[in-house]
Amino acid sequence: MPLVSTRQLLDEAAKGGYGVGAFNVNDMEQIQAIMEAAKETNSPVIIQASRGARAFAQDNYLFHLILAANELYPEIPIAMHLDHGNSFETCVSAIKLGYSSVMMDGSLKEDGKTPASFEENVAITKKVVDYAHERGVAVEGEIGVLGGIEDGHGAGGSGLDHVTDPDQAVEFAEKTGVDSLAIAIGTSHGAYKFTKKPDGSVLKMDLLIAIHKRLPKTHLVMHGSSSVPKDLQDIINQYGGKLKETWGVPVEEIQLGIKNGVRKINVDTDNRLAITGAIRKVFAESPEKFDPRDYMKPARAAMQKVVAQRMVQFGQAGHAGDYKAISIADMAKGYKDGSLSTRPLVAAK
Ligand code: 13P
């Protein structure tokens, strides 16, 4: 089947009441790990690439790897998504290449570091929405600013510095017409999110629930959603790593989010941890080895295990065969004739 729009994938997830993991990739082995996990669990998938990933792998390599996945697993709906686009031009370049959805992260200025004003965010996101929808491509926006820095992108600081204001979320969704909305509820990108198991004082699930009540039809996106499991930290440290003690977002909190409108869950760090732990183990236990396949195979298998686990936990497992892909050209018609209207249904306060 052709690449699927994230919009279709998330509409289906909303119908089925489940969430879909969006896993970041930089190379072939990560794509293979995701696809094997999807096959194992019969899951639709969102594969996403940041600007850092596109620069690392080069656009054409990365995009053709996704097309290879699409050829090899025709039964699995695959969406190819740009993570944290920083400008109109970045989003346009992904759309021209063939990505089926883009994120315009207008919560930050083009430098990817400085928080933007609400008005700037609305203006740039709306510009991307107009361009993308005309071409059938879905758009994710962000309101509020996440903590931490990933691939050089982020305001840094704590996840609590710029949490989303529900009134602004409603206004933003109405004014931009985004297909999905990333919100800031205290999470950060990277491994160091929380200094202890998070409670409601640092992970604002009540805020998420309040936003969902106001925007019941809007697909919410949770960024910075790695759980940073202790066992993956331990493997790294057991074999010479030096991770400091840290906590991520507990899976049960993500599942609470899924019950309250979260449809897309971004995960990168957990996979990085799994890969690094597996490689460190081979290096420590078999220092005589030098064939990259000797450590890339266990690394790929370790990532597959994490991804498959998340697919089951998020509820997307078993749903790969539920629907046929709507072509991106037909999505464009749907945006034009209003059947894919993104005007949110706003509930009374
Ligand atoms: P993690 O660092 O928690 O995996 O978050 C990834 C992410 O949100 C990518 O946009």
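The chain is numbered in sequence order, starting from 1. Atoms within a ligand are numbered from 1 in the order they appear, just like the ligands themselves. Just so it is clear, the structure is predicted and the values come from calculations on it, not from any experiment. Hydrogens, waters and symmetry mates are skipped; everything else that's a heavy atom, side chains included, is used.
Close approach to V267 involves these atoms of ligand 1, each under 4.0 Å from a residue heavy atom: 4 (O). Remark: ligand 1 atoms within the under-4.0 Å shell around heavy atoms of D83 are 9 (C), 10 (O). In the vicinity of N24, heavy-atom distances shorter than 4.0 Å reach the ligand 1 atoms 9 (C). Atoms of ligand 1 lying under 4.0 Å from at least one heavy atom of H84, given by number and element, are 10 (O).
Of the polar atoms of H223, at least one N or O is found under 3.5 Å from an N or O of ligand 1, judged by distance alone. For ligand 1, the polar-atom distance check finds an N/O of G224 within less than 3.5 Å of one of the ligand's N/O atoms.
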Item to check | Residue pair F283, Y239: steps toward the ring pair (Phe, Tyr, Trp, His ring centres under 6.0 Å) verdict | outcome: CA-CA 8 Å; F283 283 177; Y239 294 104; over 10 Å; no
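Annotation: cation-pi pair R135/Y131 present, NZ/CZ under 6.0 Å from the ring centroid and within 45° of its normal.
Here the two rings, on Y18 and F314, have centers that are 6.0 Å apart or farther.
With no hydrogens or angles considered, a side-chain donor-acceptor pair links Q48 and K264 at under 3.5 Å. Residues D11 and Y323 have side chains that never bring a donor and an acceptor to within less than 3.5 angstrom of each other.
Neither the backbone nor the side chain of V228 comes within contact range of ligand 1; no heavy atom lies under 4.0 Å. Counting heavy atoms under 4.0 Å from ligand 1, residue S225 touches it through the backbone alone.
Dense packing is recorded around NZ of K204, with more than 12 heavy atoms of other residues, nucleotides or ligands lying under 6.0 Å away.
Legend: residues meeting side chain to side chain contact (heavy atoms under 4.5 Å, CB included) with V312, ordered by chain and number and at least two apart, are T41, A317.
Judged by the shortest distance from any of its heavy atoms, K193 lies inside the 4.0 Å radius around the atoms of ligand 1.
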